[in-house]
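Written out below as structure tokens is the structure these notes cover.
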Amino acid sequence: MEPLFDYVGHFGRFQAYIYFTSIFQAVSCGIHYLASVFMAVTPKFICNLPGNITTVLLPNSSASGIGNLWEAWISSKDPIVFQLENGDIWEVNQCSRFKREGTLDLVYAYEGNKTMFSCSDGYLYDPTNLDSSIVTDWDLVCDQEWLAKLVQPTFMFGVLIGAVIFGDIADRVGRRPIMWFTSTCQFVFGVAVAFTFNYYSFVIMRFFLAMVSSGYLVVVFVYVTEYVGIKARTWASMHVHAAFAVGVMVVALVGFLVRTWWIYQIILSLTTLPFIFCCWTLPETPFWLHSQGKYKEVEKIITKMERWNKVKKAPCKLSDLCTVLNDTNDEGKEVSSVKKHNVFDLFHNWSFARRTISVWLIWFTGSFGYYVFALNSVNLGGNEYLNLFLTGAVEIPSYIVACIGMDKLGRRNTLAPFLILSAVICGVIMIIPQDYSTIIVVISMAGKFSIGVAFGLIYLYTAELYPTIVR
């Protein structure tokens, strides 16, 4: 159906409306994919004590209360000595505490008898940089630390399931219904996450949120690709990812301004509302309708595109733009002449199988590298909010470079060098001493730029390698 765009325009007013309306919701996808970096933050913490604290001793200082403790406590390996109102003296670590026996002398070094106790009174957390996170609310530290680390993997598992399920359903029922459903569910599950009452309900809601976010992101890419002509397709499809990158920057900004995790989650979820109010105006793609033999609906969309794009050419029939099969029988009733397809079409011959396996390997590499650089940005040192913001900001010029490279060098010749470069940068980061945090941040941003080129490109490359019926 490519001749359609030669007739109505490759990126006219109609396509511009479709495009910018659709990719707005991709901002929300970027938000939810990276939101956990500030919801699952683990601040400095120690075991709580069974009484009111009067004096605090550190290796090189002392204080009359816990308020000044966190800034002075440099190494979590050093225990902190507390004296309570009743005179008891405790040595406290992050995951254990010891009560000194037979002494009232308040000194830091003590070699006498101690009784070990578990952290049955909970934990004290450093409130300097945040008011609450899921870690502080549900004490996901020490022997429960693995639960906090499981938050993002379970989300990404939901991304996997959602991409498979909604991608397949979109092929069967159309792109538009899936976009409606997934965007509405993004809002519902996004808000529901903020009101979860324990860790397990939080993970379950986040899993469903991941499914619908992934479903929307996969389907919207195909959706806009099928509405934009080949002359504008490279730039239009690549900048779907720019909207995702804007979402990453929004996470950094809201995380900096809002330090309570459930309020932060609600604010991030509200970005979906504008799209929900206008998504019902989006039509189905003519490519999908044509593949299903729904030619009358295709003609209606073409008529609408002619009107919006102010086409001055003489009107033409659908049969002039693409192949139209006879979809009526002798009695004038519609019959289905469309062959049903499934995932095995990706392997229906050796050429397709080799192509599919290669694409899967590149997707794995690109996804792995992309999220390593993105999720690890808050652990690089320096200002974690600025690091995450830069991680999103550096993506936008990477997509411009990718577009120029694809136009000048082609898809493969642009993809391969940047995949190799991102791998080299990963190796370089590993050998840089941790003390050089500024250098690590700069090189990490270069790595994010490189993998951004490759990861953004593979979406378009994949779409162009397969026909509509298996795309």
Side-chain angles (χ1 to χ4, degrees), residues 23 26-38 40-41 152-153 155-156 159 213-214 217 221 235 237-256 361-406 411 414-434 436-461:
I23 70 166
V27 174
S28 292
C29 296
I31 285 172
H32 292 304
Y33 274 52
L34 274 296
S36 68
V37 295
F38 296 130
V41 172
Q152 192 63 25
F155 183 90
M156 297 309 292
V159 168
S213 298
S214 171
L217 197 61
F221 188 86
W235 287 83
S237 60
M238 286 296 291
H239 283 83
V240 172
H241 307 293
F244 188 96
V246 170
V248 175
M249 291 188 281
V250 170
V251 169
L253 180 61
V254 176
F256 176 75
L361 289 173
I362 296 170
W363 268 92
F364 175 83
T365 305
S367 300
F368 188 72
Y370 180 91
Y371 290 108
V372 163
F373 282 113
L375 295 170
N376 192 53
S377 62
V378 295
N379 302 316
L380 297 176
N383 189 306
E384 57 192 13
Y385 303 102
L386 179 60
N387 290 348
L388 185 63
F389 185 88
L390 291 176
T391 296
V394 78
E395 282 188 56
I396 297 176
S398 77
Y399 300 137
I400 296 174
V401 170
C403 291
I404 296 173
M406 286 189 286
R411 275 59 168 153
T414 303
L415 174 65
F418 279 101
L419 274 177
I420 295 171
L421 178 60
S422 61
V424 171
I425 290 174
C426 283
V428 171
I429 292 174
M430 291 172 63
I431 62 175
I432 299 176
Q434 291 292 321
Y436 296 88
S437 59
T438 302
I439 297 175
I440 292 175
V441 169
V442 171
I443 296 179
S444 294
M445 295 307 147
K448 186 58 159 49
F449 179 94
S450 300
I451 201 66
V453 173
F455 191 50
L457 191 155
I458 190 59
Y459 275 81
L460 178 62
Y461 200 6

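Keep in mind the model is a prediction, meaning the values are calculated, not measured.
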- Query: With no hydrogens and no angle check, is any side-chain donor or acceptor of S377 less than 3.5 Å from a backbone partner on A374?
  - Reply: yes

With the side chain counted from C-beta on, respond yes when [X] and [Y] share a heavy-atom pair under 4.5 Å apart, and no when they do not.
X: V378; Y: F38; answer: yes
X: V372; Y: F368; answer: yes
X: Y399; Y: I404; answer: no
X: L253; Y: M249; answer: no
X: L415; Y: Y461; answer: yes
X: F221; Y: I23; answer: no
X: I400; Y: W235; answer: yes
X: S214; Y: Y33; answer: yes

- Task: For S444, enumerate each residue passing the side chain to side chain donor-acceptor pair (under 3.5 Å) test, keeping only those at least two apart in sequence or located in another chain.
- Result: none

- Message: Among residues at least two apart in sequence or on other chains, which ones pass side chain to side chain donor-acceptor pair (under 3.5 Å) with S36?
- Response: Q152

To the nearest 0.5 Å, how far apart are [atom1] in [X] and [atom2] in [Y]?
X: T365; Y: I451; atom1: OG1; atom2: CD1; value: 7.5 Å
X: I458; Y: W363; atom1: CD1; atom2: CH2; value: 7.0 Å
X: F389; Y: N383; atom1: CZ; atom2: CG; value: 11.5 Å
X: F244; Y: H32; atom1: CZ; atom2: NE2; value: 11.0 Å
X: C426; Y: I443; atom1: SG; atom2: CD1; value: 11.5 Å
X: R411; Y: L457; atom1: CZ; atom2: CG; value: 7.0 Å

- Angle class for the F455/H241 ring planes (parallel below 30°, perpendicular above 60°, tilted otherwise)? tilted

- Message: Does F373 form a side chain to side chain contact (heavy atoms under 4.5 Å, CB included) with I429? I'd like the steps, not just the answer.
- Response: CA-CA 11 Å; F373 282 113; I429 292 174; 3.9 Å; yes

- Checking side chain to side chain contact (heavy atoms under 4.5 Å, CB included) for the pair V159/F155: CA distance, chi angles, key distance, verdict? CA-CA 6 Å; V159 168; F155 183 90; 3.8 Å; yes

- Message: Applying side chain to side chain contact (heavy atoms under 4.5 Å, CB included), can you list everything that pairs with N379, at least two apart in sequence or on another chain?
- Response: N376

- Applying side chain to side chain contact (heavy atoms under 4.5 Å, CB included) to V254 and not counting sequence neighbours gives V250, V258, Y264, I267, L268

- Task: Name all pairs fulfilling the salt bridge (Lys or Arg N to Asp or Glu O under 4.0 Å) condition that reach into residues 373-389, sequence neighbours left out, sorted by first residue then second.
- Result: none

- Item | Pairs where residues 438-450 contributes a residue and the test salt bridge (Lys or Arg N to Asp or Glu O under 4.0 Å) is met, not counting sequence neighbours | E395-K448

- Message: Between I362 and L419, does the side chain to side chain contact (heavy atoms under 4.5 Å, CB included) criterion hold? Intermediate values first, please.
- Response: CA-CA 9 Å; I362 296 170; L419 274 177; 4.1 Å; yes

- Item | F256, CZ atom: more than 12 neighbouring heavy atoms under 6.0 Å | no

Looking at every non-hydrogen atom in both residues, tell me the closest pair between [X] and [Y] and how far apart they are.
X: G247; Y: I31; result: O-CG1, 3.4 Å
X: T391; Y: V394; result: O-CG1, 3.4 Å
X: T414; Y: A402; result: CG2-O, 4.3 Å
X: L217; Y: A26; result: CD1-CB, 4.2 Å
X: G447; Y: S422; result: O-CB, 4.2 Å
X: I440; Y: P433; result: CD1-O, 3.6 Å

